[in-house]
Amino acid sequence: NGALTKAKDGNGQLGIVLGDKGIDSHARLFDPDQLKKLLTTSVAMRAVTMAVGQAHLAEISSQLKEMNIKIAEIKQFLDDERASKIEAIDHYFDEYFLSANNSFELSPVRRSQVEQDAREVDAVLLHLTKEIRHAISAVENFVDDSMFGSDKSFDAQWDMLDKHLTILGQWFLVARVKAKAIQSLLLSNESDLFSQRKSNFINQINELNKNEIAELREAWIKRIKSLNAKLSSDKE
């Protein structure tokens with residue numbers, strides 16, 4: 001509404017927009033030639049922004065790869081530490097049995113040590129059981145975007161299956177060490193406690209077979225069936 005006035009900063013002409021209660025807002029109008037310059041600058045800035053953005057994304061991607069490598073190294077270290085601990089306990093148990101067999105009894109000091117080590121073994125079994133549950137989730141949530149399956153997807157699933165079988169193997173290796181701890185109760189003439197813990201241990205194994213292992217098996221069967229369906233629909 002009304003005449004336009006030149007903007008103080010020199011960019012375009014200013015005008016007012018009247019409303020019911022007076023000036024509602026201001027408008028700035030540019031000369032067509034000036035607009036071309038602005039658009040050219042805008043396009044150039046957008047191109048620079050994209051280039052800078054891509055550079056940052058490449059840097060972020062590189063840093064994420066480095067982080068993944070470090071995380072894998074930490075996990076390997078923790079896995080090795082856990083395996084070393086179980087291996088050491090297993091060795092100690094063998095030593096205790098040899099010494100007990102010579103005297104037909106386990107000394108109170110070593111009996112106490114076996115109990116302490118058995119708790120460590122139980123903690124590792126619990127941790128491995130949780131890893132199996134994570135494995136079930138990993139199989140169920142795995143996404144294969146390819147129409148008929150791809151080498152990359154197949155390799156990823158193969159690696160995942162190999163890791164899951166390794167976790168199961170580790171569980172039963174550790175369980176064997178726990179069985180030694182329970183057997184030590186016989187050397188301490190604690191037959192009632194031996195029977196109780198033996199029964200609990202058998203129930204623990206049965207529960208694992210019934211729940212975690214059964215669910216992991218079912219998840220993998222579904223995954224393999226879906227892979228077979230893709231392969232059978234591919235005429236090649």
Side-chain angles (χ1 to χ4, degrees), residues 45-91 117-178 204-205 207-234 236:
M45 285 300 295
R46 194 178 305 155
V48 171
T49 302
M50 288 176 65
V52 172
Q54 287 174 350
H56 281 302
L57 285 175
E59 184 180 353
I60 291 169
S61 177
S62 175
Q63 289 176 352
L64 285 174
K65 287 179 180 177
E66 288 182 13
M67 287 174 62
N68 284 335
I69 292 171
K70 294 296 182 185
I71 290 170
E73 288 175 353
I74 292 170
K75 185 181 184 306
Q76 186 62 54
F77 174 80
L78 293 174
D79 287 346
D80 290 345
E81 183 183 40
R82 181 174 65 189
S84 299
K85 182 184 294 184
I86 293 299
E87 188 176 338
I89 292 174
D90 189 29
H91 175 72
D117 289 341
R119 294 189 187 96
E120 293 274 0
V121 173
D122 273 329
V124 173
L125 281 179
L126 180 61
H127 189 215
L128 286 168
T129 303
K130 289 183 177 181
E131 283 198 28
I132 296 172
R133 297 234 54 101
H134 288 312
I136 295 167
S137 178
V139 179
E140 292 176 339
N141 296 323
F142 182 85
V143 177
D144 180 8
D145 295 326
S146 59
M147 187 173 294
F148 298 114
S150 64
D151 289 344
K152 183 179 179 181
S153 173
F154 180 81
D155 290 343
Q157 292 179 71
W158 181 262
D159 289 341
M160 187 163 61
L161 175 59
D162 186 52
K163 289 176 183 176
H164 294 173
L165 293 175
T166 300
I167 294 170
L168 293 180
Q170 288 174 346
W171 198 99
F172 284 100
L173 282 173
V174 176
R176 183 179 60 82
V177 179
K178 179 174 180 177
Q204 183 182 10
I205 293 175
E207 285 297 311
L208 182 82
N209 281 318
K210 178 182 174 183
N211 297 314
E212 284 79 13
I213 292 181
E215 289 180 35
L216 183 63
R217 180 178 181 275
E218 185 62 28
W220 268 110
I221 287 175
K222 286 182 180 178
R223 173 62 55 187
I224 292 168
K225 283 182 177 178
S226 67
L227 185 62
N228 286 339
K230 283 189 175 185
L231 293 173
S232 62
S233 64
D234 182 358
E236 292 186 12

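The first residue in the sequence is number 1, and the count goes up from there. Just so you know, these numbers use all the heavy atoms, side chains as well, and skip hydrogens, waters and symmetry mates. All of these numbers come straight from a predicted model, not from anything done at the bench.
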In chain order, what residues pass the side chain to side chain contact (heavy atoms under 4.5 Å, CB included) check against [X], with sequence neighbours excluded?
X	value
T129	W171, L208, E212
R217	I221
Q63	E59
H127	R82, E131

State, yes or no, whether a side-chain contact exists between [X] and [Y] at a heavy-atom distance under 4.5 Å.
X	Y	result
L128	I132	no
S153	Q157	yes
D155	K152	no
L125	Q204	yes
E87	H91	no
E140	K222	no

When you look at V177 and V124, which way does the side chain to side chain contact (heavy atoms under 4.5 Å, CB included) test go after all the steps?
-> CA-CA 11 Å; V177 179; V124 173; over 6 Å; no
Working for side chain to side chain contact (heavy atoms under 4.5 Å, CB included), residues H164 and V139 = CA-CA 10 Å; H164 294 173; V139 179; 3.4 Å; yes
Partners of T166 by side chain to side chain donor-acceptor pair (under 3.5 Å), sequence neighbours excluded?
-> none
Sequence-distant partners of E207, side chain to side chain donor-acceptor pair (under 3.5 Å), two or more places apart = N211
So with a 6.0 Å cut-off around CZ of F154, is the heavy-atom count from everything else above 12?
->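 No - once you tally the heavy atoms of other residues, nucleotides and ligands closer than 6.0 Å, there are 12 at most.
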When rounded to the nearest 0.5 Å, the distance separating CZ of R223 from CG of L161 is 12.0 Å
Here the gap from I167 atom CD1 to D162 atom CG, rounded to the nearest 0.5 Å, amounts to 10.5 Å
Exactly one candidate in K85, R176, K178 meets side-chain contact (heavy atoms from CB on, under 4.5 Å) with V121; the answer is K178
